[in-house]
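Each chain gets a letter, A, B and so on, in the order its sequence line appears, and its residues count up from 1. Computed from a predicted model, the values in this text were never measured in an experiment.
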Number of protein chains: 2
Amino acid sequence: MKLRPDNTRDRLIDTAMELFHSQGYQATGVAQILKKAEVNSGSLYYFFPTKEDLLLAVLEKYKLMLHPALLEPIWSRIDDPIEKVFGLLDGYRRLLMMTECNYGCPIGNLALEIGHSHAKARQLLADNFKGWRDAVHECLNAADDRLPSDVDRAQLASFVLTVMEGAVMQARTERSLKPFDDAVTQLRDYFDRLTADGTQWGAPAASELKPRINTDKE
Amino acid sequence: MKLRPDNTRDRLIDTAMELFHSQGYQATGVAQILKKAEVNSGSLYYFFPTKEDLLLAVLEKYKLMLHPALLEPIWSRIDDPIEKVFGLLDGYRRLLMMTECNYGCPIGNLALEIGHSHAKARQLLADNFKGWRDAVHECLNAADDRLPSDVDRAQLASFVLTVMEGAVMQARTERSLKPFDDAVTQLRDYFDRLTADGTQWGAPAASELKPRINTDKE
DNA sequence: GTCTATATATTGATAGAC
DNA sequence: GTCTATCAATATATAGAC
């Protein structure tokens, strides 16, 4: 599945991407990247004048990967626009599960670690967040008739990102899927209450009628 | 307000606490801590065998500070238990505002930066999260009659932490209070919908009747 | 408990041949 | 574009006098 690029530049980006994700930016040494990517120092600095430039390339790649690598596999599997959103959340659950809650959201990690000190990186992190929110926003627009008209779609999309990031953080810290699942349960309940009232407060919960993606406990 | 302890050990902890908060753990050098605390290398290593031991002391201090420094000023100002929760969130908003969205939650920062590699630190971070959740849980218990009986209070308290951490992350990354305020607005809406139905789906929104803390935009 | 001096490893980055 | 050798700075940590 995951093939190593013969292209040196791409191999450096891919390697840095993985190490930054698993260890963080500061904790990852240039020497470690070089060793793992099987590249020599001279080559790295031929492509990237500084370590930060490599970071920026990683963040650019995340932007490019958002649709083809993250969203498309889910979008193609799930039709219902609201279930798309929860399918996206389930993707982060799978990542947590597969890595014993060691890997979280790479953008969130870097946002808190280096968002303040590196201005260009911060902007790219913000771009990545925006792309994610926009994708959710489109889902909400596609479910327009099921949401109360006075609900701000962009704000709700931002809320979904907020919940995902906070949930991943807690899951990693507790080393358990429970905080993540709990958060998704609460968000689902909120969506149920939102979609239940086409007119405000009157209809019964529609929870039982809706399809659910599989989120079996570990 | 903030006085510098004459006690060397405490001065080191306070200084490290601030630098870890503003720059992160890895980005903060021991030399920088020594200079700012006006302490010599020998003294630091007399108290703390390694830099990580200093980190652990910082995290222990956060645990001790939770009630007296973070909660008590808010608890004493606000009576209503649900407004206490939103008052707590407003505390993080103030921190963001005062620091131009540079300072977030120190526990959240460290959770994502070093939660994976340092086992003891991770446990202390989890302890800190637990203390925070428990405090919110107590508020929810105190508002027991206003919440539907089938709502899991512990889960909802965890959700509040999730939202706070995710909201702070986005605010710092966007360098704007808007994502934070948006998240709080959504969470408020959720609480309104929860507290509106003592019996499920039937009562009108109680939003207009409730006191609100001041969350004027910047 | 605190001081100064210093050890040792690693950091990000560079030079210059090929 | 890639190679090896290496730089200068900084990292955490230690030694031993006071």
Residue pairs, two or more places apart or on separate chains, that pass salt bridge (Lys or Arg N to Asp or Glu O under 4.0 Å) and touch [range]:
range	result
residues 24-43 of chain B	B:Arg4-B:Glu38, B:Glu18-B:Lys36
residues 49-62 of chain B	B:Asp14-B:Lys61
residues 100-121 of chain B	none

Open item on the list: Less than 4.0 angstrom between a side-chain N/O of A:Asn40 and OP1 or OP2 of D:dT2, yes or no?
Closed with: no

Can you measure [X] atom [atom1] to [N] atom [atom2] for me and round it to whole angstrom units?
X	N	atom1	atom2	value
B:Asp53	D:dT14	CG	P	11 Å
B:Phe48	D:dT14	CZ	P	15 Å
B:Leu55	D:dT12	CG	P	12 Å
B:Phe47	D:dA13	CZ	P	17 Å
B:Leu34	C:dT4	CG	C1'	13 Å
A:Asp6	D:dG1	CG	C1'	14 Å
B:Lys35	C:dT4	NZ	P	15 Å

Task: A:Arg188 bridged to A:Glu83 by N-O distance under 4.0 Å - done: yes

Mind checking whether [X] and [Y] have side chains closer than 4.5 Å, heavy atoms only?
X	Y	value
B:Asp189	A:Leu194	yes
A:Arg175	A:Asn102	yes
A:Ile74	A:Asp90	no

Open item on the list: Under 6.0 Å between ring centres: does that hold for B:Phe180 and B:Tyr92?
Closed with: no

Task: For A:Asp134, side-chain hydrogen bond (donor to acceptor under 3.5 Å, both in side chains) partners two or more places apart - done: A:Lys130

Task: Base-contact (B) and sugar-phosphate-only (S) positions in nucleotides 11-18 of chain C, heavy-atom cut-off under 4.0 Å, - elsewhere - done: -SBB----

Task: Contacting residues from residues 10-19 of chain A, given that a heavy atom lies under 4.0 angstrom of DNA chain C - done: none

